[in-house]
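Here is the structure we will look at.
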Number of protein chains: 2
Amino acid sequence: MDKNIKGPVVGVLGGMGPMAAAVFMCRLIALTPVRHDEEHIPAILWNDPRIPDRRLAYFHNGKDPMPWITHAIGHMQNAGAKVIAIPCNTVHLWYDQIVANSPIPVLHIVQAVIDDLHRKGIYSGRIGLMGTALTLQLGLYQGFLQAQGYTCIVLNDEQVHEHCSEPIRLVKLNRVEEAYQPAAVGVSLLKELGADAVILGCTELPIAVPHHRRSELGVPVIDSIDALALATLDWYQKQEKPQ
Amino acid sequence: MDKNIKGPVVGVLGGMGPMAAAVFMCRLIALTPVRHDEEHIPAILWNDPRIPDRRLAYFHNGKDPMPWITHAIGHMQNAGAKVIAIPCNTVHLWYDQIVANSPIPVLHIVQAVIDDLHRKGIYSGRIGLMGTALTLQLGLYQGFLQAQGYTCIVLNDEQVHEHCSEPIRLVKLNRVEEAYQPAAVGVSLLKELGADAVILGCTELPIAVPHHRRSELGVPVIDSIDALALATLDWYQKQEKPQ
């Protein structure tokens, strides 16, 4: 039984929202090349939608999500996790605090997205950003991208409400099919503003804009769920496996 | 932080295969009626593809999966799980042993499927069975269904290989689109043999036969992933929630 806790296990902190985390698990598996089940990545998903709302915590002095996050990471570490992936962009606004409280490394979703831009051969240019109002306002992506030489394009507040917040809300309500239209218009607006690629920088957005409809958009989209899954896979492939 | 471990949490034992368990998480969320994230079911998924192969354990005296299962359930209980759902039909051949070693209740996937037949108004008749060769040979479903007054229809060994084992294998290899055709032919063969409904009694099969293509089949299919998700939701709705 030792192997059960000795091998590299990935801990996934989900619940923000829960569907994004479940889809992350699907994509992590779908993107892992295997010959049989046993080659898949052992992973634990802590999918706890009770983690206090990140926006309320920031703007309205709501309950602090940090103790819940630390608690979840601690449990996953006890269960054998050696790294943490968090398929929620907004919570990365607290990344430094999370890392400071985590006994194991935490992948950064923005770094994963930048790696994915590079993977797709996009090393410079104008990058359209979609995400929650909070991540866009606080510039979660902008600093990292500008430091790498990219120019950022964002929608105005009203457009963010209509083309980011609204599809995110619909995905969270399980009304996924209704979420496509407003999100796709958001991508188009960014394209018209000159974007060479558009980052779906909230993990509900890649669910709103499913893979099979992306070729309709006429601009490459960078999927923060897939980018984090590929970063997780990269991490896993570098670990020593018990024989 | 007490609520984090006091409220009802669902433990999901996955890895057999991992994609089936991840899709189970998606379906559990999609089938839960919510007004916002926080109403979703807190759940932990232990997705460990290293759990020894159930078929090898049975037929070839391979490694025993039971210690891995007991270990996983113990960890999930420590993390707050109050019930276990296992989105793998084959491992339910060990259900009595799992329950005997589990400190918390374990939902039974076959009971969940029978409840789903009832939910769909199917109280009698001929039920076609699809699943792994092991579950069909050892009659995981047959005893339960016959005790409820249903008649079971199964394919012959060669057909099971071609229309059950093969699509299951393709799903496990992430070759999901190729899995539809052989699985759909299996459903059709059972329909021709007189089935009033067909049970997709291996959790890879509902992935092979996606929801949007089921109306093409001309016979109701009972999806063991969705049935277990609905049983989990029923369990959750009956639990007291901390205020």
Side-chain angles (χ1 to χ4, degrees), chain A residues 1-5 7 9-10 12 14-53 67-68 70-72 74-76 78-80 169 171-174 176 204 207 241-242, chain B residues 1-5 7 9-10 12 14-53 67-68 70-72 74-76 78-80 169 171-174 176 204 207 241-242:
Chain A
M1 280 312 301
D2 279 350
K3 270 206 242 176
N4 213 2
I5 48 172
V9 172
V10 171
V12 180
M16 308 166 283
M19 183 61 96
V23 170
F24 171 82
M25 296 299 284
C26 291
R27 295 298 299 159
L28 178 60
I29 295 158
L31 293 167
T32 303
V34 294
R35 288 161 300 177
H36 45 77
D37 266 6
E38 290 73 9
E39 293 181 344
H40 275 294
I41 301 177
I44 299 163
L45 165 62
W46 186 285
N47 215 15
D48 195 341
R50 297 168 304 176
I51 297 172
D53 187 283
W68 295 72
T70 307
H71 177 84
H75 261 294
M76 288 192 279
N78 284 339
R169 186 183 76 86
V171 169
K172 285 179 181 287
L173 292 176
N174 290 327
V176 171
E204 270 78 26
I207 303 173
K241 318 292 186 303
Chain B
M1 281 312 298
D2 279 352
K3 271 206 243 177
N4 215 2
I5 49 172
V9 172
V10 171
V12 180
M16 309 166 282
M19 183 60 96
V23 170
F24 172 83
M25 297 299 284
C26 291
R27 295 300 297 162
L28 178 61
I29 295 158
L31 292 167
T32 302
V34 294
R35 287 162 301 178
H36 44 77
D37 267 4
E38 290 73 7
E39 292 181 344
H40 274 294
I41 301 177
I44 299 162
L45 166 61
W46 186 285
N47 215 14
D48 195 342
R50 298 168 304 176
I51 297 173
D53 187 281
W68 296 71
T70 306
H71 178 84
H75 261 295
M76 287 191 279
N78 284 340
R169 187 182 74 86
V171 169
K172 284 178 182 287
L173 292 176
N174 290 328
V176 171
E204 270 80 25
I207 302 173
K241 317 293 185 303

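Letters A, B, ... are given to chains in the order of the sequence lines, protein chains preceding strands, and every chain is numbered from 1. Quick caveat: nothing in here was measured; it's all calculated off a predicted structure.
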Check each atom of A/Ile41 against the heavy atoms of chain B and say whether the ones under 4.5 Å are side chain, backbone, both or neither.
backbone

Qualifying residues under salt bridge (Lys or Arg N to Asp or Glu O under 4.0 Å), relative to B/Glu38, sequence neighbours excluded:
none

Closest heavy-atom contact between B/Leu45 and A/Met25?
CD2-CE, 3.9 Å

For residues A/His75 and B/Ala79, report the shortest heavy-atom separation together with the two atoms involved.
CE1-CA, 3.4 Å

Approximate separation, where rounding is to 0.5 Å, of B/Asp53 CG and A/His36 NE2:
10.0 Å

Yes or no on side-chain contact (heavy atoms from CB on, under 4.5 Å) for B/Val12 and A/Asn47, after CA distance, side-chain angles and deciding distance?
CA-CA 11 Å; B/Val12 180; A/Asn47 215 15; over 6 Å; no

Name the member of A/Cys26, A/Gly17, A/Pro33 that forms the most heavy-atom pairs with chain B at distances under 4.5 Å.
A/Cys26

side-chain contact (heavy atoms from CB on, under 4.5 Å), that's the test. Do B/Arg50 and A/Val9 meet it? Break it down for me.
CA-CA 11 Å; B/Arg50 298 168 304 176; A/Val9 172; 3.7 Å; yes

Top residue by heavy-atom pair count (under 4.5 Å) with chain A, among B/Val10, B/Leu173, B/Val23, B/Val176?
B/Leu173

Heavy-atom proximity to chain B below 4.5 Å, by part of A/Asn174:
side chain

With sequence neighbours excluded, what pairs up with A/Asp37 under the salt bridge (Lys or Arg N to Asp or Glu O under 4.0 Å) test?
B/Lys172

